[in-house]
Amino acid sequence: MSTALPTSYGLHVYPLARAWKMGASTWTVDKRIQFANDIDRNLMAVDGPTNGKKSDKGLDEWMPPNTAYGCEYAARYLTVARDYALRVTTGDLHSASLACGLDPEITKEK
């Protein structure tokens, strides 16, 4: 019987590819490295299948399979976006409001 731990992967809450499109392309190399390795805010340990399903998707395309964690995850995503001055979509805001039990109408453009 193996005593090895299951392999875990670093899931970027705010994905690197999405960050590039949403503002990181203008960052210095040092800031991009800091973002990619931000274990306090942007990196989470997950299993391989979960990491693969999430890929480079934002809140508008992927939420954690554990719906009880959805609001916390959405808040973390939005915090990373705020802290790194990255743009979010109206779809991201809509998904976050649904995950947190808020009225999704607040995210609609008027």
Side-chain angles (χ1 to χ4, degrees):
M1 182 167 148
S2 173
T3 58
L5 295 174
T7 303
S8 65
Y9 296 82
L11 177 142
H12 288 93
V13 174
Y14 198 111
L16 301 179
R18 192 175 182 110
W20 184 263
K21 295 174 194 168
M22 299 299 225
S25 63
T26 64
W27 294 349
T28 64
V29 170
D30 286 342
K31 186 169 182 179
R32 289 196 305 263
I33 291 170
Q34 175 190 1
F35 177 78
N37 296 304
D38 187 345
I39 61 172
D40 294 324
R41 293 173 287 191
N42 199 33
L43 273 173
M44 306 174 64
V46 298
D47 60 65
T50 300
N51 195 40
K53 286 177 185 168
K54 188 210 180 260
S55 186
D56 62 354
K57 298 175 178 103
L59 296 179
D60 57 342
E61 299 174 303
W62 186 89
M63 290 293 284
N66 178 356
T67 56
Y69 182 65
C71 184
E72 186 177 336
Y73 178 83
R76 190 168 175 172
Y77 179 97
L78 295 174
T79 298
V80 170
R82 181 201 63 209
D83 290 353
Y84 284 94
L86 293 165
R87 294 184 306 273
V88 295
T89 67
T90 54
D92 291 334
L93 295 174
H94 181 79
S95 295
S97 64
L98 288 174
C100 294
L102 303 173
D103 181 359
E105 293 295 314
I106 63 173
T107 61
K108 286 193 176 175
E109 292 185 33
K110 308 240 186 249

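Every value quoted in this text rests on a predicted model; they were computed, and no experiment measured them.
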Distance (rounded to the nearest 0.5 Å) between [X] [atom1] and [Y] [atom2]:
X: N66; Y: T50; atom1: CG; atom2: OG1; answer: 10.5 Å
X: D83; Y: L78; atom1: CG; atom2: CG; answer: 11.0 Å
X: N42; Y: L16; atom1: CG; atom2: CG; answer: 7.0 Å
X: Y84; Y: Q34; atom1: OH; atom2: CD; answer: 4.0 Å

Side-chain contact, heavy-atom cut-off 4.5 Å: [X] with [Y]?
X: Y14; Y: R41; answer: no
X: T90; Y: D60; answer: no
X: R76; Y: Y69; answer: yes

- Query: So does K53 have more than 12 non-hydrogen atoms from other groups sitting under 6.0 Å from NZ?
  - Reply: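 It does not: K53 NZ has 12 such atoms or fewer within range.
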- Enclosure of K21 NZ (heavy-atom neighbours >12, cutoff 6.0 Å): no
- Message: Can you tell me how the ring of H12 sits relative to the ring of F35, calling it parallel under 30°, perpendicular over 60° and tilted otherwise?
- Response: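 The rings of H12 and F35 lie parallel, inter-plane angle below 30°.
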- Message: Once you measure the plane-to-plane angle for Y73 and W62, does it fall in the parallel (<30°), tilted (30-60°) or perpendicular (>60°) bin?
- Response: perpendicular
Please report the closest heavy-atom contact between [X] and [Y], naming both atoms and the distance.
X: L43; Y: A36; result: CD1-O, 3.5 Å
X: D47; Y: P49; result: OD1-CD, 3.1 Å
X: S95; Y: L59; result: OG-O, 3.1 Å

Main-chain N/O of [Y] paired to [X] side chain as donor or acceptor, under 3.5 Å:
X: R18; Y: V88; value: no
X: D92; Y: T89; value: yes
X: K54; Y: K57; value: yes

- Message: Taking side-chain contact (heavy atoms from CB on, under 4.5 Å) as the criterion, tell me which of W20, Y77, W27 meets it with L86.
- Response: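 Running side-chain contact (heavy atoms from CB on, under 4.5 Å) over W20, Y77, W27 with L86 returns exactly one hit, W27.
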